[in-house]
Amino acid sequence: MFTLDNSYVRELEGMYVFARAERKLAPTLVKLNVSLAEELGLEPDEATSPDWVQYFSGNALVPGSQPIAQAYAGHQFGNFVPQLGDGRALLLGEVIDRAGCRRDIQLKGSGRTAFSRSGDGKAALGPMLREYLMGDAMHHLGIATTRGLAVVATGEPVYRETILPGAVLTRVSASHIRIGTFEYLAARNDIDSLMRLADYTMDRHYPELDEGRYIELLRAYSMRMAGLIANWMGVGFIHGVMNTDNMALSGETIDYGPCAFMEHYDPETVFSSIDRRGRYCYGNQPAIAQWNLARFAETLLPLLAEDEETAVGLATQQVEDFQVHYRRAWLAVMRRKMGLKREEEGDAALAEGFLDAMFAGEADFTLAWRALADAAEGIPNRGLFAANPEKFDAWLPLWKARLSREERPGERIAADLRLANPYLIPRNHLVEEALEAASRNGNLQPFDRLLEALSTPYEEKDDSLRFSRPAPREQTARYKTFCGT
Ligand code: AMP
Ligand code: MG
């Protein structure tokens with residue numbers, strides 16, 4: 001059992017409205033994240049009890065809960081929207097987990113709020129299971145992320161292009177403070193509230209910083225975001241909607257909508273049906289993160305200095321430095337993925353050379369990286385670069401020469417490579433199959449099997465081969481993801 005606290009409600013008045021979930025007639029538990037429940041101090045027996053199904057559906061309130069819809073604004077595909085907010089989500093409160101961390105408990109799909117605009121406040125089962133699966137996969141890949149605690153089916157229809165089964169996801173996050181939360185206040189010129197929010201954010205996510213040093217908040221977030229994006233790039237993750245309202249100040253990956261993992265390496269890869277110009281394609285993610293950081297920096301200007309010119313100077317420097325932080329974080333990821341522990345001048349070029357070879361060879365991003373472990377043991381997989389293996393042929397001896405300067409035995413390097421390069425990522429066709437089975441027939445078996453396989457992404461098990469294969473190229477070329485709203 002846990003009791004919720006409500007520090008957001010207490011300290012950030014004016015940044016939310018109180019709200020209630022819409023009543024669900026016959027909610028049933030579809031998915032419970034047992035290990036996450038335990039992290040939060042909730043016993044599995046308890047979490048599957050009828051009481052908790054009522055809590056997870058929003059029909060009853062977890063003790064201590066003061067549910068709110070959070071206000072935020074955001075730049076969506078580059079355009080500023082001064083008011084978005086939780087249109088179908090409710091922050092129930094915060095739990096202090098077993099490790100002593102404060103974490104938000106939020107319902108998604110719980111019904112209309114003051115911020116719903118023309119939306120119905122609902123969510124469909126497929127997209128909620130998708131968020132659950134993607135978050136879990138990212139967690140096991142070692143990437144900071146929000147996570148699904150439970151999914152309940154509401155038993156009610158949700159009207160989209162077709163009629164879909166409705167669901168509510170319970171989401172656990174370090175917090176739900178977004179760049180858009182700051183933008184909401186900045187747009188209203190509410191400096192007092194901005195300061196309260198900045199203080200709260202620093203307290204909650206950057207306690208090491210000195211109080212009132214808002215420039216340090218900008219720097220710290222910049223570094224955290226640089227690390228996050230570098231990690232995304234390392235596994236081929238494409239978020240799909242990097243709007244400023246989907247960027248969390250905690251540095252966690254948040255709001256899994258049309259996200260997907262890249263298959264063959266191509267920096268222009270984009271799957272989201274609404275991203276027609278490829279603004280959020282794989283290769284643009286670092287630049288977009290910096291653009292988003294600039295929007296965040298703008299909101300902080302009144303807090304940085306008395307006169308605007310000084311403030312702009314300070315902020316600009318931090319935004320420019322993002323590139324330095326990102327480059328450093330990316331290089332650290334790449335070194336690890338190449339099996340390098342020492343640092344040499346040419347390492348970035350070596351990584352880029354490998355990516356070029358992948359591009360020319362139309363290699364599967366995940367498998368090509370994974371195959372480096374075998375290559376370190378003398379069995380390179382040239383077949384992965386079949387479309388044009390010449391660049392790979394030229395690159396391999398350069399990398400081998402570089403490895404020889406590592407002064408670690410080949411088996412050691414291979415073992416390290418197998419810990420750095422996942423064997424499994426959520427393959428798009430398997431995710432779709434699993435969601436289709438769950439949503440159309442209520443058959444959760446494919447979903448559970450996929451989830452189970454993705455819980456140990458760095459291990460090659462006897463039965464995991466089929467989860468590792470990419471979809472046929474034609475299928476990937478046609479693959480489109482939807483926001484699921
Ligand atoms: P998203 O694309 O999920 O990041 O959502 C963007 C904005 O639209 C947020 O303010 C959401 O709360 C809102 N929204 C998304 N779907 C719905 C829905 N079905 N009903 C009401 N609001 C929604
Ligand atoms: Mg969002």
Side-chain angles (χ1 to χ4, degrees), residues 15-17 19-22 24 58 67-92 104 106-132 134-135 145-148 154 156-169 171 173-184 187 238-250 252-260 270-276 279-280 288-289 292 295-296 480-485:
M15 298 176 218
Y16 57 83
V17 294
R20 277 302 168 103
E22 279 168 22
K24 307 289 186 295
I68 56 170
Q70 290 174 303
Y72 52 86
H75 277 83
Q76 299 193 307
F77 290 89
N79 305 309
F80 187 60
V81 185
Q83 183 167 306
L84 291 163
D86 291 332
R88 55 162 171 172
L90 282 186
L91 177 64
L92 295 182
D104 275 8
Q106 193 205 52
L107 301 182
K108 189 166 175 178
S110 46
R112 286 179 54 80
T113 73
F115 302 121
S116 298
R117 294 170 290 166
S118 58
D120 61 2
K122 295 186 163 69
L125 181 63
M128 294 305 101
L129 285 173
R130 192 164 205 285
E131 172 151 356
Y132 183 102
M134 287 294 187
T145 179
T146 65
R147 296 184 73 191
T154 60
E156 291 164 10
V158 172
Y159 300 93
R160 297 293 180 259
E161 266 136 48
T162 53
I163 300 177
L164 301 168
V168 179
L169 170 74
R171 176 159 90 171
S173 310
S175 86
H176 288 84
I177 301 165
R178 307 147 191 271
I179 292 180
T181 318
F182 283 82
E183 290 179 293
Y184 177 83
I238 304 167
H239 182 283
V241 227
M242 287 177 72
N243 293 336
T244 53
D245 51 300
N246 291 337
M247 306 296 295
L249 262 290
S250 63
E252 284 183 340
T253 311
I254 193 171
D255 277 4
Y256 292 88
C259 65
V270 48
F271 293 114
S272 167
S273 60
I274 55 169
D275 191 3
R276 292 202 188 83
R279 177 181 170 91
Y280 299 139
I288 290 292
N292 288 341
R295 303 292 77 75
F296 177 54
K480 283 269 165 270
T481 53
F482 301 90
C483 259
T485 50

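Whatever order the structure lists them in is the order used to number ligands and atoms, beginning at 1. Just so it is clear, the values below take in all heavy atoms, side chains as well, and ignore hydrogens, waters and symmetry mates.
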Any N, O or S atom of Asp245 closer than 2.8 Å to the Mg ion (ligand 2):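 So Asp245 does not count as coordinating the Mg ion (ligand 2).
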Please determine whether Asn243 has a backbone or side-chain N, O or S atom lying under 2.8 Å from the Mg ion (ligand 2). no
Tell me whether [X] has any N or O atom under 3.5 angstrom from an N or O of ligand 1.
X: Arg88; result: yes
X: Lys108; result: no
X: Gly121; result: yes
X: Arg117; result: yes

Taking the Mg ion (ligand 2) as the vertex, how big is the angle to OD2 in Asp255 and OD1 in Asn246, rounded to 10°?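 So the angle at the metal works out to 80°.
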Should the proximity of Leu84 to ligand 1, defined as any heavy atom under 4.0 Å, be assigned to the side chain, the backbone, both, or neither?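 Both the backbone and the side chain of Leu84 come within reach of ligand 1.
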Please work out whether any backbone atom (N, CA, C, O) or any side-chain heavy atom from C-beta onward of Tyr72 is under 4.0 Å from ligand 1, and answer side chain, backbone, both or neither.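 Side chain only; the backbone of Tyr72 stays clear of ligand 1.
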For [X], take its heavy atoms, then give the atoms of ligand 1 lying under 4.0 Å from any of them.
X: Arg160; result: 19 (N)
X: Gly85; result: 9 (C), 10 (O), 11 (C), 12 (O)
X: Asp255; result: 4 (O)
X: Asn246; result: 4 (O)

Whether the side chain of Arg112 engages the backbone of Glu22 through a donor-acceptor N/O pair (distance < 3.5 Å, no angle test) should be reported. no
Compare Gly87, Ala73, Pro127, Gly240 and give the one whose heavy atom is closest to atom 21 (C) of ligand 1. Gly87
